Amino acid sequence: MTGTTTSRTTRLAMLCVSLCVVALAGCNRATLRIPGASTEMAPQLIRHTAKHPTGRHVVVAMPSDGRAQHLGRSIAGTDWTACTTDSLTPEQAKLAVHHQLEAALRESKLFLSVALKSTSAPDLTLETDVLALCSQVRGFLIARGAGIAALRLTLKDGAGTVFQQTIERVVTDDQPEYSGAQVTTVEQVMRTLMSDSLREISRQLVLQIDQAAPTLKIVP
């Protein structure tokens with residue numbers, strides 16, 4: 001009997017310790033993620049073909065990382081804010097944005113060609129400033145995850161700017177835009193949500209340029 005009581009007491013103590021660890025992590029459970037328990041962020045399809053192809057070539061320049069200057073800023077009119085709780089290095093974050101934008105523009109057929117770097121004077125250049133790219137998981141018994149992204153996008157024709165827009169998007173794991181599984185690691189949820197938010201921003205970029213193309217003076 002004594003052994004059984006001791007075993008139950010030990011299990012109860014371990015449960016209490018586990019709950020305390022979660023509680024100490026606060027509303028953001030990024031501290032509990034498992035390093036390496038996720039896949040890399042690959043570009044996603046936006047499923048849109050341009051109605052007004054520009055007939056121009058474009059180079060997607062390597063984004064600049066301005067996230068440090070926007071920490072704590074509310075994103076997309078929500079209570080989710082620009083944060084540092086993500087598993088990406090600065091270089092990985094820039095590459096994730098770079099490749100998602102390139103893939104979306106290529107898929108849309110909005111431009112004759114899309115390149116990541118120019119070997120000669122480019123026709124058009126898309127410049128990007130990353131204002132936010134992170135993910136958070138909030139909650140105690142019921143957790144809610146969000147992918148948080150904000151990009152300032154500038155399309156240039158030579159030295160002139162023909163399109164500039166800041167596009168922000170927050171995707172949570174209870175929305176249809178979430179492309180991941182409901183049962184997975186916290187790390188994977190965070191990584192997938194960041195990818196989903198970038199996909200939605202790149203889709204919005206394509207839609208806006210597509211709609212405005214006839215008036216942007218970039219169609220030859």
Side-chain angles (χ1 to χ4, degrees), residues 39-67 70 75-78 88 91-133 147-172 175-180 191-220:
T39 57
E40 293 300 317
M41 286 175 62
Q44 295 192 44
L45 296 174
I46 62 169
R47 305 189 188 284
H48 176 79
T49 301
K51 295 179 176 62
H52 305 100
T54 64
R56 305 284 295 277
H57 303 275
V58 67
V59 171
V60 182
M62 177 63 73
S64 61
D65 187 355
R67 292 179 296 170
H70 298 273
I75 301 299
T78 70
L88 298 176
E91 190 62 24
Q92 287 175 323
K94 291 193 295 183
L95 285 174
V97 174
H98 201 201
H99 290 295
Q100 177 60 48
L101 292 174
E102 184 262 348
L105 293 176
R106 188 180 299 278
E107 178 195 346
S108 71
K109 297 180 173 57
L110 189 57
F111 300 96
L112 282 178
S113 68
V114 181
L116 292 176
K117 60 176 64 176
S118 178
T119 56
S120 59
D123 199 356
L124 297 169
T125 303
L126 179 67
E127 298 179 352
T128 306
D129 185 15
V130 183
L131 309 182
L133 180 60
I148 303 159
L151 307 179
R152 181 183 296 118
L153 299 140
T154 304
L155 185 64
K156 290 189 172 182
D157 189 352
T161 296
V162 294
F163 174 91
Q164 186 173 65
Q165 188 69 259
T166 296
I167 305 177
E168 304 179 353
R169 192 67 166 87
V170 172
V171 174
T172 57
Q175 294 178 329
E177 289 82 4
Y178 173 55
S179 64
R191 188 65 63 91
T192 300
L193 285 166
M194 281 190 286
S195 180
D196 291 339
S197 64
L198 285 180
R199 180 198 66 230
E200 293 302 305
I201 285 180
S202 65
R203 185 174 189 276
Q204 190 61 36
L205 170 68
V206 167
L207 287 171
Q208 290 190 24
I209 295 179
D210 190 15
Q211 292 169 1
T215 63
L216 287 179
K217 298 181 180 179
I218 58 175
V219 178

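Remember, predicted model here, so these are calculated numbers, not experimental data.
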How many angstroms lie between CD in Q92 and CE in M194, if you round to the nearest 0.5 Å?
9.0 Å
A side-chain contact here means heavy atoms from C-beta on lying under 4.5 Å apart; do L153 and Q164 qualify?
no
Verify, without hydrogens or angle tests, whether H52 (side chain) and P214 (backbone) share a donor-acceptor contact under 3.5 angstrom.
no
Main chain of A150, side chain of E168: is a donor-acceptor contact present, judged purely on distance under 3.5 Å?
no
Could you give the distance from CD (Q165) to CG (L205), rounded to the nearest 0.5 Å?
9.5 Å
Please give me the minimum heavy-atom distance between D129 and G66, naming the atom from each residue.
OD1-N, 3.5 Å
Would you say the side chain of L105 lies within less than 4.5 Å of the side chain of L126, judging by non-hydrogen atoms?
yes
I need the E107 CD to E102 CD distance, nearest 0.5 Å.
11.0 Å
Hey, mind stepping through H48 and D210 against side chain to side chain contact (heavy atoms under 4.5 Å, CB included) and telling me if it holds?
CA-CA 10 Å; H48 176 79; D210 190 15; 3.1 Å; yes
Apply side chain to side chain contact (heavy atoms under 4.5 Å, CB included) to residues L151 and L131 and explain how you reach the verdict.
CA-CA 5 Å; L151 307 179; L131 309 182; over 6 Å; no
If only atom types and distance count, is the side chain of S108 paired as donor or acceptor with the main-chain N or O of A50 below 3.5 Å?
no
Before accepting this row, confirm whether a basic side-chain N of the pair E177/R169 lies closer than 4.0 Å to the acidic partner's carboxylate O.
yes
Within the 3.5 Å criterion, strictly below it, is a donor on S202 or Q100 matched to an acceptor on the partner's side chain?
yes
Are side-chain heavy atoms of Q44 and S195 found at a separation under 4.5 Å?
yes
Test side-chain contact (heavy atoms from CB on, under 4.5 Å), reference V58, set L112, D123, L155, output is L155
So does R56 pair up with D157, basic N to acidic O under 4.0 Å?
yes
Give a yes or no on whether the backbone of L133 and the side-chain of R67 come within a donor-acceptor separation of less than 3.5 Å.
yes
Side-chain contact test, heavy atoms from C-beta onward, threshold under 4.5 Å: evaluate it for Q208 versus I167 and give yes or no.
yes
Donor-acceptor check, side chain of D196 to backbone of V171, threshold 3.5 angstrom: yes or no?
no
Rounded to the nearest 0.5 Å, how far does CD of Q204 lie from CD1 of I46?
10.5 Å
Between the main-chain N or O of V60 and the side-chain N or O of H98, is there a donor-acceptor pair closer than 3.5 Å?
yes
Is it the case that the side chains of S113 and H57 hold a donor-acceptor pair, with the cut-off being a distance below 3.5 Å and no angle test?
yes
Who pairs with T78 by side chain to side chain donor-acceptor pair (under 3.5 Å), at least two apart in sequence or on another chain?
none
Scanning both residues in full, the closest heavy-atom pair of P63 with V130 reads CB-CG2, 3.9 Å
Are the side chains of L95 and M62 in contact, using a 4.5 Å heavy-atom criterion?
yes
Could you go through L193 and T172, starting from their C-alpha distance and side-chain angles, then the distance that decides it, and tell me whether this counts as side chain to side chain contact (heavy atoms under 4.5 Å, CB included)?
CA-CA 7 Å; L193 285 166; T172 57; 5.5 Å; no
Steps toward side chain to side chain contact (heavy atoms under 4.5 Å, CB included) verdict (E127, S64):
CA-CA 8 Å; E127 298 179 352; S64 61; over 6 Å; no
Check: F163 main-chain N/O paired with T161 side-chain donor or acceptor under 3.5 Å
no
Minimum heavy-atom distance between A149 and L198, given as atom pair plus value
CB-CD2, 4.2 Å
With sequence neighbours left out, the residues meeting side chain to side chain donor-acceptor pair (under 3.5 Å) with T166 are none
Check whether any side-chain N or O of E200 sits under 3.5 Å from a backbone N or O of S197 as a donor-acceptor pair, and report yes or no.
no
Measuring from R152:CZ to H70:NE2, what's the distance to the nearest 0.5 Å?
5.5 Å
